[in-house]
**Student:** 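The structure under discussion is supplied below as structure tokens; questions concerning it will follow.
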Amino acid sequence: MSPKSETNSRSKQLLAPGHRGCAGCCDAMAAKFTLMGAGEDCIVVSPTGCLEVMTTPFPESSWEVPWIHSLFENTSAVASGIDAALRAMGKAGKTKVIGIGGDGATLDIGMRSISGAFERGHDFTYVCIDNEAYMNTGVQRSGATPFNAATTTSPAGKVSFGNQRPKKNMPAIMAAHGSPYVATTSVAYPKDMIRKVKTATETVGPTYIHAHAPCTTGWGFDTSKTVEIGKLAVETALWPMFEIEDGEVTKVKKIKNIKPVEDYLKMQRRFKHLFTMEGGEEEIKKIQAIADKNVVDFGL
Amino acid sequence: MAVTRNLDKDKMVVVEGSYSVAHSVKVCKPNVISAYPITPQTHIVEDLSQFMADGEIPNCEYINVESEFSALSALVGASAVGARSYSATTSQGLELMHEVLFNVSGMRFPVVMTVVNRAVSAPINIWNDHQDSISQRDTGWIQLYAEDTQEIADMTAQAFKIAEDKDVLLPAMVCMDGFILSHVYEPVVLLEQDLVDKYLPAYNPEFVLDSKDPKSFGAFADPSTYTEFRFLQEKAMEAALQKIEDAANDFHELFGRYYGGLIDEYETEDAEIIIMAMGSIIGTIKDVIDARRSKGEKVGLLKVRSFRPFPKEAIKKVVKNAKVVVVLDKNISIGLNEGALFTETKSCLYNTKIDVPVVGYMIGHGGRDIPVGTIENIIDEAKGVISSGIKVESQFTDVREELI
């Protein structure tokens, strides 16, 4: 993205301030960067979740672009209908259709909907704001919750280190649908996210952006540290940032000095038990192994 | 208004019931059709797909969705950008849509959907009863029920007109009995394009998703505002009562056919026994009434076309001088042992000066045949109610005792 166009896109705030997000909220950042990448000629669909609740308490709205919320699990279907209607009514091609939803709404309850919409090849971009649990309902586990993270429904306890399973590999699933453009990014890297959203929205067909999004409330860190935590996820290789075009990984963000995963884990309440419980060290090694595998798989 | 079938025989063609619906949808010029195949709705969506393949529906997109949940969800998006939106489903598909049904109505999108009525699993059964749509009665959708293939064709156009009316803006289910109407070949007059163009104005909603004039749809309402949304939905339903009558009258004027408005009546004027029902069973009841009338028995029929909004006043007016009202329901509220039409008819007569006994029969579940003899027995029992009062208020009909 040229500096000029970036300046232009920043000249108008498309997500108005005054919304009710927490201090340091990753959703607000993700929505703002998405709109900076997409521009104002778009229609946004959001599922039920933090972003919807905090931006649209009737009769107020933070959205300076047309926006619709229907239900929790149907964002991609609603977007399909918008895409089809624009085509039917001769308005296709200009206005970008964008879904912005949390990880639960995307890869758990919304899986059927997004899979159908991508298979059908609708012209829209889906941005998943992945804060790795159901935050709006009080930090319950989702299919995107990482291995050994404690949530309110996967708590650490005498016989458990928290969530037993690794994250669902959603970018790979979306690429397997034949999407022309899939990318991972992070709210900690605004320029990266804005560029990728721009690329996605300018690509014809169903495109997918998976944005890692540290949640101060759910993960348990100071409200000033959203970006710092997000960067550590990337720098420890736990969150690789890459682009997939027509099924092939074409670009990867290289990490110069890969940090140990402890640097990332120790700053968050959800991993605190790994540093206090007997056997925690072994568990941290398993998480390090996930990062090490990412380094190999993506050539970080 | 007198019942006017006024079927122009020169214009009639023999088609399947599903085709008569698909043709009506086509001439209503939808912008987005979104549907998932399910028996016995399939022939409607197959016919529409063929129309699309032949380029016969201009300015329209057909979305082959991956589920009924998405079928209706897609129409939320389509309707929000101003598209005339249509779907069709039945039974399990309709139940899967349950959450979206509330959403479409709450957001006031005038989606029209054909419901090809079918029983609900378990046990799985593909044949007709009304449990599927009746179970969705509180979702805020208008519900209309047709008695034959001509009426379902006509009702489809009426539904768009009613739903899209600015004083209504509610979605509408147009219900037809599975197989009995959807798969039967009968002569019908297919709706003429030029007449439909005169009858049905273009859908031009006041509020749409448009980047030139951004608006937010589907905001959340807290306790300080939620009540008013529900109140306004109810007001819209009340407005629909008159609009349903108007739509039928306007249709009559242009097309020459009239199947009733909120209700339809047959031999009710001096009737002592009034039978109430919805859907394809109407034809059988009329045949029995003709036979009874020839013997001098005062039996009449009150056909309910609109189940939502519920036509309380129209029903009261018809039954007020009867000696007994018999309500037939192809559904049951399990745990109450009553069908919905029966319960609601009783309810609307309470707190009034009308003092007429009402009895209910649950009938035709899962496609169980309803022969003339069953209606005959029901009428004979109704005579017993007149002479010696209600013995059984509500009951199943034709239960096979040997299977229990």
Side-chain angles (χ1 to χ4, degrees), chain A residues 14 38-48 52-92 94-97 99 110 112-120 122 124, chain B residues 29-34 36 57-85 87 96-97 99-100 102-104 106-107 109 111 203 207-222 224-226 228-229:
Chain A
L14 296 175
E40 60 189 320
D41 192 359
C42 67
I43 295 172
V44 173
V45 190
S46 288
T48 311
E52 166 258 328
V53 171
M54 74 196 216
T55 56
T56 64
F58 180 83
E60 298 163 11
S61 174
S62 291
W63 297 89
E64 301 283 1
V65 296
W67 176 91
I68 183 167
H69 156 250
S70 169
L71 296 165
F72 196 6
E73 66 274 56
N74 67 356
T75 293
S76 299
V78 174
S80 301
I82 292 170
D83 170 56
L86 291 175
R87 265 184 286 132
M89 297 163 82
K91 298 177 186 170
K94 250 176 79 232
T95 302
K96 291 154 181 163
V97 182
R112 172 167 69 198
S113 171
I114 195 170
S115 177
F118 271 59
E119 175 274 316
R120 292 190 298 273
H122 287 283
F124 80 122
Chain B
K29 298 180 177 169
N31 299 116
V32 177
I33 300 168
S34 174
Y36 186 82
I57 315 182
N59 306 314
C60 180
E61 289 285 325
Y62 185 111
I63 316 178
N64 270 306
V65 282
E66 80 293 341
S67 68
E68 287 89 355
F69 199 98
S70 286
L72 193 52
S73 296
L75 298 184
V76 168
S79 201
V81 289
R84 177 168 287 161
S85 303
S87 190
L96 184 58
M97 287 178 179
E99 185 190 7
V100 198
F102 277 103
N103 196 248
V104 171
M107 293 178 80
F109 293 130
V111 171
Y203 174 48
F207 305 109
V208 291
L209 291 170
D210 178 3
S211 58
K212 290 186 202 74
D213 183 18
K215 289 189 168 54
S216 295
F217 285 58
F220 92 86
D222 69 16
S224 71
T225 56
Y226 185 87
E228 288 66 28
F229 284 92

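Order of the sequence lines fixes the chain letters, A, B, ..., with proteins taken first and strands second; residue numbering starts at 1 for each chain.
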**Student:** Shortest non-hydrogen contact from A/G81 to B/I63?
**Tutor:**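 The answer is CA-CD1, 4.0 Å.
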
**Student:** Give, as side chain, backbone, both or neither, the part of B/S34 having an atom under 4.5 angstrom from any heavy atom of chain A.
**Tutor:** neither

**Student:** Between B/S67 (side chain only) and B/S70 (backbone N and O only), is there a donor and an acceptor less than 3.5 Å apart?
**Tutor:**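 Side chain of B/S67 to backbone of B/S70, a donor-acceptor pair under 3.5 Å: yes, one is there.
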
**Student:** Might you point out which heavy atoms bring B/Y203 and B/G82 nearest each other, and give the distance in Å?
**Tutor:**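 Nearest pair, atom of B/Y203 first, then B/G82: CD2-O, 3.6 Å.
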
**Student:** If we define contacts as heavy-atom pairs under 4.5 Å, which of B/L72, B/L75, B/L96 has the most with chain A?
**Tutor:**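 Between B/L72, B/L75, B/L96, the count favours B/L96.
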
**Student:** Which pair of non-hydrogen atoms, one from A/A84 and one from B/E61, has the smallest distance, and what is that distance?
**Tutor:**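 Closest approach of A/A84 to B/E61: O-CG, 3.2 Å.
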
**Student:** Are any of the side-chain heavy atoms of A/E119 and B/E66 separated by less than 4.5 Å?
**Tutor:** no

**Student:** Between B/G106, B/A221, B/A83, B/S224, which residue shows the highest count of heavy-atom pairs closer than 4.5 Å to chain A?
**Tutor:** B/A83

**Student:** What part of B/D213 is in contact with chain A, defined as an atom under 4.5 angstrom from a non-hydrogen atom: side chain, backbone, both or neither?
**Tutor:**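 For B/D213, no heavy atom lies under 4.5 Å from chain A.
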
**Student:** So for B/D210, is it side chain, backbone, both, or neither that comes closer than 4.5 Å to the heavy atoms of chain A?
**Tutor:**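 Backbone only.
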
**Student:** With heavy-atom distances below 4.5 Å as the criterion, would you say the side chains of A/H122 and A/R87 are in contact?
**Tutor:**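 A side-chain contact exists here, since the closest heavy-atom pair is under 4.5 Å.
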
**Student:** Can you tell me which portion of A/R120 sits under 4.5 Å from chain B's heavy atoms? Options are side chain, backbone, both or neither.
**Tutor:** side chain

**Student:** Students often mix this up, so state it plainly: with edges at 30° and 60°, are the rings of A/W67 and A/W63 parallel, tilted or perpendicular?
**Tutor:**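 Rings of A/W67 and A/W63: parallel, under 30°.
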
**Student:** Do the non-hydrogen side-chain atoms of A/F58 and B/F229 ever get within less than 4.5 Å of each other?
**Tutor:** yes

**Student:** Specify which of A/P66, A/P57, A/A85, A/S76 makes the most heavy-atom pairs with chain B at under 4.5 Å.
**Tutor:**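 Option with the greatest count: A/P66.
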
**Student:** Taking the side chain from A/H69 and the backbone from B/G218, do they hold a donor-acceptor pair closer than 3.5 Å?
**Tutor:**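 Checking the backbone N and O of B/G218 against the side chain of A/H69, a donor-acceptor pair under 3.5 Å is found.
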
**Student:** Flag the one option from A/A88, A/S61, A/S46 with the top tally of heavy-atom pairs under 4.5 Å to chain B.
**Tutor:**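 Ranked by heavy-atom pairs under 4.5 Å with chain B, first place is A/A88.
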
**Student:** What option among B/C60, B/A219, B/A80, B/S85 has the most heavy-atom pairs under 4.5 Å with chain A?
**Tutor:**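 Sorted descending by pairs with chain A, the first entry is B/A219.
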
**Student:** Examine the side chains of A/T48 and A/E52 and answer whether a donor and an acceptor come within less than 3.5 Å of each other.
**Tutor:**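 There is no such pair between these side chains.
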
**Student:** Would you mind checking which part of A/V53 comes under 4.5 Å of any heavy atom in chain B, side chain (CB onward), backbone (N, CA, C, O), both or neither?
**Tutor:**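 When you check distances to chain B, atoms from both the backbone and side chain of A/V53 fall under 4.5 Å.
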
**Student:** Can you tell which of A/C42, A/G116, A/P59 has the highest number of heavy-atom pairs within less than 4.5 Å of chain B?
**Tutor:**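 Sorted descending by pairs with chain B, the first entry is A/G116.
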
**Student:** Do you know which of A/S113, A/A79, A/G90, A/S80 has the most heavy-atom pairs with chain B at a distance under 4.5 angstrom?
**Tutor:**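 Of the candidates given, the most pairs with chain B belong to A/S113.
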
**Student:** With a 4.5 angstrom heavy-atom cut-off, could you sort out which part of A/S70 is near chain B: side chain, backbone, both or neither?
**Tutor:** both

**Student:** So what's closer than 4.5 Å to chain A heavy atoms on B/V208: side chain, backbone, both or neither?
**Tutor:** neither

**Student:** Do you know which of A/I82, A/N74, A/L71 has the most heavy-atom pairs with chain B at a distance under 4.5 angstrom?
**Tutor:**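 Highest number of pairs under 4.5 Å: A/L71.
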
**Student:** Answer with side chain, backbone, both or neither: which region of B/F109 has an atom nearer than 4.5 Å to a non-hydrogen atom of chain A?
**Tutor:**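 For B/F109, the contact with chain A is made by the side chain alone.
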
**Student:** Run A/D41 and A/K96 through salt bridge (charged side-chain N to carboxylate O under 4.0 Å, His left out) and show every step you take.
**Tutor:** CA-CA 6 Å; A/D41 192 359; A/K96 291 154 181 163; over 6 Å; no

**Student:** Which residue out of B/N59, B/N31, B/N103, B/D222 racks up the most heavy-atom pairs below 4.5 Å with chain A?
**Tutor:**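 The candidate making the most pairs under 4.5 Å is B/N103.
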
**Student:** Measure B/V81 against the heavy atoms of chain A and call it side chain, backbone, both or neither at under 4.5 Å.
**Tutor:**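 Backbone plus side chain of B/V81, per the 4.5 Å heavy-atom cut-off to chain A.
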
